[in-house]
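These notes are about the structure you will find just below.
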Amino acid sequence: MSKTTETRDGFQSKWGFILACIGSAVGMGNIWRFPIMVHKYGGMTFLLPYFLFVILIGSTGVIEEFALGRRASAGPVGAFGMCTEERTGKRSTGEAIGAIPIIGAMMLAIGYTVVLGWIFKYTFMSISGGLFALGTDMGSIGGAFGATAPEADTLFGAIGMMFQNGIFGIGNGIWQIVGLVVALVIMALGVAGGIEKANKIMMPVLFFLFLGLGVYICTLNGSSEGYKYIFTLNLAGLKSVEVWVYAFGQAFFSLSIAGNGSVIYGSYLGKGEDIPNSARNVALFDTLAALLAAFVIIPAMAVMLGEGINDVSGGPGLMFVYLVNVFNGMPGGRIVGMVFFICVLFAGVSSIINLYEAPVAFLQEKFRFGRLPAVATIGVIGCIVSILIQPWTSQWMDVVSIYICPLGAMLAGIMFFWLLKQSTALSAVNEGAKKPIGGWFYPLGKYLFVPLAFIALVAGAIYGGIG
């Protein structure tokens, strides 16, 4: 391990690391789910518990996963092995358990590859004018997305559908490959030379463009109704268990706590970096990105749909159907749609890089693959499987997000707070910090965050997904 650590690639700057972590956290949940949750559950009535959970998870789970990866200089397999070795003297048990979040990252990345293909296609259409040409005919808009994203009831039915139609005869395989190749090229350039540099460009541009969209939409007649939705506060609504469950789920999944991506990015972090400060910045900017999306999408829908906004649901349908209709119908809609999908593209690429990085690093650490062979191997697997599962993408993503992601987060929390010695855990967090973390951190993580990760797993199963 010492030889691996000495030659290990890593982030070259504090903000390079932070921006990469923000990129991993800012994903489709911020864009096609968060605004709908804010609208559905009463604006500030939802936002207040959401902010509370962001603070809680950012100050425990995010710090824990960064510190776990940096302490081990490894991803989940090596990090979990380190934890069980300290407690029992054996690495093998922890390494076996660490395979669970790696599998979760790979499965989520495969599903996300399908979504990234949709994003690349729609970004191209928005630039070329093909998207604007659909106008506001919901039949044409819905039909275009239906052709891009066919559906099947079962996994085997989906695979059979793809083969029956000649793999590239239906769906969006070509654009999936284009999107995946872009992400893989960035990864092949390395952590510092590819991932860090790409996020230093994509994240500032994403925030700048989203801010510009928000300012423009603010000038449109009717947008004020959207802001009323956002700033509504119903104190009675805070008594609803459902509001708190979904606010927690949104915060939990938005911060990418799953025992994989944050751990692997933490493993690339220098020993002199302040982890609590970095975690604070990641939580802050991820929340700002979600709020920017809400301040763009909710007022835009209010402008064009009026009371019809109450009939809109979240998910892919929001982004690829309803918002296309909204943008196409507003003044300057072609430009608005183009800017919006460029923002979405940056969010998608940065997120998928983080998801694929965990299995790529696993091949490097466990089997001594070179960077390029590891990226190529994972990329080929991801490409083949993602093309075959296209008609079953929604169900595939549900299985991973409802069960495997919260399980990975819970396992990472158990390893750090329950198996590592307290002195080792606090040393891992405080290394490089300007001042030692407060005495609240360890008991809050051990007795509140870990049980909450278990609740995320159980609640997701009960509600059919909470984030």
Side-chain angles (χ1 to χ4, degrees), residues 25-26 29-62 210 214 217-218 220 222-255 257 280 282-315 318 322 406 438 440 443-445 447-467:
V26 176
N30 297 75
I31 298 169
W32 73 32
R33 185 177 176 86
F34 180 78
I36 295 301
M37 292 292 102
V38 172
H39 171 257
K40 180 178 180 180
Y41 292 106
M44 292 302 297
T45 312
F46 176 84
L47 287 173
L48 288 178
Y50 173 78
F51 292 149
L52 177 64
F53 285 122
V54 166
I55 293 170
L56 172 62
I57 296 166
S59 60
T60 54
V62 177
F210 249 139
I217 288 171
C218 180
L220 301 179
S223 63
S224 59
E225 292 301 314
Y227 303 123
K228 288 180 183 178
Y229 282 113
I230 296 172
F231 290 108
T232 296
L233 176 59
N234 177 13
L235 293 177
L238 292 174
K239 298 177 182 178
S240 168
V241 173
E242 191 172 301
V243 168
W244 287 84
V245 167
Y246 280 104
F248 165 63
Q250 186 66 36
F252 186 89
F253 288 97
S254 181
L255 290 172
I257 301 301
R280 251 190 322 268
V282 170
L284 171 63
F285 283 100
D286 176 67
T287 302
L288 286 177
L291 289 172
L292 278 174
F295 275 90
V296 168
I297 292 171
I298 295 176
M301 291 194 298
V303 168
M304 300 307 302
L305 302 179
E307 289 299 317
I309 190 176
N310 296 309
D311 301 324
V312 178
S313 59
L318 170 67
Y322 284 104
W440 51 267
L444 196 66
Y447 299 112
L448 186 57
F449 171 72
V450 174
L452 279 176
F454 175 71
I455 290 174
L457 177 62
V458 175
I462 293 173
Y463 284 87
I466 59 172

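Side chains included, hydrogens not; waters and symmetry mates left out as well; all remaining heavy atoms used.
When all heavy atoms of Cys218 and Ser223 are compared, the closest pair comes out as O-OG, 3.2 Å.
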For residues 284-305, run the donor-acceptor check on the side chains, cut-off 3.5 Å, and write out each pair with its distance to 0.1 Å, sequence neighbours left out.
{"from": "Asp286", "atom 1": "OD1", "to": "Asn30", "atom 2": "ND2", "distance (Å)": "3.3"}
{"from": "Asp286", "atom 1": "OD1", "to": "Ser254", "atom 2": "OG", "distance (Å)": "3.4"}
{"from": "Asp286", "atom 1": "OD2", "to": "Ser254", "atom 2": "OG", "distance (Å)": "2.6"}
{"from": "Thr287", "atom 1": "OG1", "to": "Ala283", "atom 2": "O", "distance (Å)": "2.7"}

Do any side-chain atoms of residues 242-251 form donor-acceptor pairs under 3.5 angstrom with protein atoms, and if so which ones, sequence neighbours left out?
{"from": "Glu242", "atom 1": "OE2", "to": "Tyr41", "atom 2": "OH", "distance (Å)": "2.5"}
{"from": "Trp244", "atom 1": "NE1", "to": "Leu238", "atom 2": "O", "distance (Å)": "2.6"}
{"from": "Gln250", "atom 1": "OE1", "to": "Arg33", "atom 2": "NE", "distance (Å)": "3.4"}
{"from": "Gln250", "atom 1": "NE2", "to": "Gly29", "atom 2": "O", "distance (Å)": "3.2"}

inquiry  = Pair Leu452, Ile455 - check side chain to side chain contact (heavy atoms under 4.5 Å, CB included), show working.
reply    = CA-CA 5 Å; Leu452 279 176; Ile455 290 174; 4.0 Å; yes
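Remark: the backbone N or O of Asn234 is paired with a side-chain donor or acceptor of Thr45 at under 3.5 angstrom.
Counting non-hydrogen atoms of other residues, nucleotides and ligands closer than 6.0 Å to CZ of Phe51 gives a total above 12.
Here the straight-line distance linking atom OH of Tyr229 with atom NE2 of His39 works out to 4.0 Å at 0.5 Å rounding. From Leu448, atom CG reaches atom CG of Leu56 across 5.0 Å, with rounding to the nearest 0.5 Å. Between the CG atom of Leu47 and the CG atom of Leu52 there is a distance of 12.5 Å, given to the nearest 0.5 Å.
Identified under the side chain to side chain donor-acceptor pair (under 3.5 Å) test for residues 455-467, with sequence neighbours left out: none.
With sequence neighbours excluded, the residues that form a side chain to side chain contact (heavy atoms under 4.5 Å, CB included) with Tyr322 are Met138, Val312, Leu318. Scanning for ring pair (Phe, Tyr, Trp, His ring centres under 6.0 Å) contacts around Tyr447 gives Trp418, with sequence neighbours left out.
In this structure the side chain of Phe252 reaches within 4.5 angstrom of the side chain of Ile57, judged on heavy atoms.
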